[in-house]
Participant: 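Could you have a look at this structure, given as structure tokens, before my questions?
Sequential numbering from 1 along the given sequence is applied to the chain's residues. Below, all heavy atoms of this structure are taken into account, side chains as well, without hydrogens, waters or symmetry copies.
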Amino acid sequence: MAKEESKYGFKDKAKAEESLELLKSEDHKYQLLTVRGLIGRAKRVLTLTKAEDKINNIKAAIETFEQWLEANSTSSTKNAKPKDAEDKVETVPGLGFKDKQAAEQTLSILEGRDPDYQKLAVKGLIGSAKRVIPATKNEEKLSSIKQAVALFEDFLDRFDREERGKQNMPYLSIDLIRQLPAPQGEQSDKLAVEFLACYETQAKGNYKHLRTKAPKDPGSKTWDIVRNAKLQALKPDSSVKLFDQDGKPTELHLQMVQWAYSPQVEKLKSYANSLASSGKSTTPSRKRTHSSSSSSEEESKAKESKKDRKKSKK
């Protein structure tokens, strides 16, 4: 008889984390099969779901499961079902658990990244380390790994105690951003323009790719870290209004949108829908990055066509 799976679910991130916690008592192969099955079911349910809040909750659960898979799949299981090369998310380099020094380096690499990713990455490393421990015979290596695990567990305790998860700033979709007007000072913030271009073209709208991509300026940190630092500086306290009396996003709000974030996503979507229904288009600088190149290609083709017609007349 198949094991009962009703206790596992994907309605939101909390349910996904609860499911992963319950799966710890099962063997690793069963864990992998169950998580993959939950992801598949969740994606099927997404196609039938209309409510935005439910869609966002299910997507958060899927992301939680996918991050767990990334951290807990062996090289052989990762290669079992290859993903499209363009969609494959590169692993953040330098993470490890072989000893205390490696753990400290890991936490340093994770600093400034999205809190949700920090927690999932550390939990994944703890899980991997605990699977390695039973097979490790060398006492020195065993002690080193246990020191790393202790450091990670202390990090998670502080993470939960300080409620760092509340500091997570979910990414707006690139499609929503392109529907909205640009802030008046956008052209002066070249870094924000470069961020959006990377998010749309290189990352193809998948924010996970931003963990391994950086600004052109040499020595810069990756885009996820840069974004969070920018938003920390921009984000106001809850008393500051982010929409004016006409329901339009304030300049400060639009500046945060430039970094793919809004504290009031649903109201922002309503505003974008009102723009679309009224027929108002966004500013030229908001057009997709590939639109200018495609229009120039059309112009060049038109010029070539005129030249051909002139030659034929001759």
Participant: Who pairs with Y207 by ring-ring contact (aromatic ring centres under 6.0 Å, His included), at least two apart in sequence or on another chain?
Facilitator: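 So Y207 forms a ring-ring contact (aromatic ring centres under 6.0 Å, His included) with Y171.
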
Participant: Do side-chain atoms of N56 reach the backbone of E52 as a donor and acceptor pair under 3.5 angstrom?
Facilitator: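 Present.
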
Participant: Using the test side chain to side chain donor-acceptor pair (under 3.5 Å), find all partners of Q105 that sit at least two apart in sequence or belong to another chain.
Facilitator: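 So Q105 forms no side chain to side chain donor-acceptor pair (under 3.5 Å) with any residue.
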
Participant: Please list all pairs meeting ring-ring contact (aromatic ring centres under 6.0 Å, His included) that have one or both residues in residues 215-250, counting only residues at least two apart or in different chains.
Facilitator: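 ring-ring contact (aromatic ring centres under 6.0 Å, His included) check on residues 215-250 returns F195-W223, F243-H253.
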
Participant: Rounded at 0.5 Å granularity, tell me how far OG in S173 sits from CD in Q179.
Facilitator: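 The OG atom of S173 sits 7.5 Å away from the CD atom of Q179.
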
Participant: Can you list every side chain to side chain donor-acceptor pair (under 3.5 Å) pair that touches residues 238-249, not counting sequence neighbours?
Facilitator: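 Matches after skipping sequence neighbours: D237-S239.
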
Participant: Under 4.5 Å side-chain heavy-atom separation, chaining through any Ile, Leu, Val, Met, Phe, Trp or Tyr, what else clusters with L107? Say none if it is isolated.
Facilitator: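 In the cluster with L107 are V92, L95, F97, I109, L110, Y117, V122, L125, I126, V132, I133, L142, I145, V149, L151, F152, F155, L156, F159.
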
Participant: State which residue, out of K146, R158, K130, fulfils the salt bridge (charged side-chain N to carboxylate O under 4.0 Å, His left out) condition with E153.
Facilitator: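 Per the salt bridge (charged side-chain N to carboxylate O under 4.0 Å, His left out) rule, the option paired with E153 is K130, out of K146, R158, K130.
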
Participant: For K54, enumerate each residue passing the side chain to side chain contact (heavy atoms under 4.5 Å, CB included) test, keeping only those at least two apart in sequence or located in another chain.
Facilitator: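 Side chain to side chain contact (heavy atoms under 4.5 Å, CB included) check on K54 returns T49, A51.
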
Participant: I'd like to know if the side chain of T106 and the backbone of A102 have a donor-acceptor N/O pair within less than 3.5 Å.
Facilitator: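 Yes; at least one donor-acceptor contact below 3.5 Å.
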
Participant: With distance as the sole test, does Q31 use its side chain to make a donor-acceptor pair with the main-chain N or O of L23 at under 3.5 Å?
Facilitator: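 Yes.
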
Participant: Please table the atom pairs, donor to acceptor, closer than 3.5 Å between any side-chain atom in residues 226-236 and protein atoms at least two apart or in another chain.
Facilitator:
| residue | atom | partner | partner atom | Å |
| --- | --- | --- | --- | --- |
| R227 | NE | W259 | O | 2.7 |
| R227 | NH1 | M169 | O | 3.1 |
| R227 | NH2 | M169 | O | 2.9 |
| R227 | NH2 | P170 | O | 3.3 |
| R227 | NH2 | A260 | O | 2.9 |
| N228 | ND2 | G112 | O | 3.1 |
| N228 | ND2 | D114 | OD1 | 3.0 |
| N228 | ND2 | D224 | O | 3.4 |
| K235 | NZ | Y261 | OH | 3.4 |

Participant: Excluding sequence neighbours, so at least two apart, what forms side chain to side chain donor-acceptor pair (under 3.5 Å) with E104?
Facilitator: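 With neighbours one apart ignored, the set is empty.
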
Participant: Going by side chain to side chain donor-acceptor pair (under 3.5 Å), name the residues that satisfy it together with E111, two or more places apart in sequence or in a different chain.
Facilitator: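 Testing E111 for side chain to side chain donor-acceptor pair (under 3.5 Å), a comparison that skips the adjacent residues, returns none.
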
Participant: With sequence neighbours left out, what residues match D160 under side chain to side chain contact (heavy atoms under 4.5 Å, CB included)?
Facilitator: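 For D160, the residues satisfying side chain to side chain contact (heavy atoms under 4.5 Å, CB included) (neighbours in sequence not counted) are K119.
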
Participant: For A60, give me all partners under side chain to side chain contact (heavy atoms under 4.5 Å, CB included), at least two apart in sequence or on another chain.
Facilitator: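 Scan of A60 (side chain to side chain contact (heavy atoms under 4.5 Å, CB included), adjacent residues dropped) gives K13.
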
Participant: Quick one: does E200's side chain have a donor or acceptor within less than 3.5 Å of a partner on G205's backbone?
Facilitator: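 Answer holds: no.
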
Participant: Under 3.5 Å, is there a donor-acceptor pair between the side chain of S220 and the main chain of D217?
Facilitator: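 Yes, the answer is positive, given that a donor and an acceptor are paired below the 3.5 Å cut-off.
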
Participant: K59: which residues meet the side chain to side chain donor-acceptor pair (under 3.5 Å) condition with it, sequence neighbours left out?
Facilitator: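 Per chain and number, K59 pairs via side chain to side chain donor-acceptor pair (under 3.5 Å) with no residue.
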
Participant: Please check if the side chain of S270 supplies one atom and the backbone of E266 the other of a donor-acceptor pair under 3.5 Å.
Facilitator: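 Checking the backbone N and O of E266 against the side chain of S270, a donor-acceptor pair under 3.5 Å is found.
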
Participant: Is there a donor-acceptor contact under 3.5 Å linking the side chains of T222 and R113?
Facilitator: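 Yes, a side-chain donor-acceptor pair sits under 3.5 Å.
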
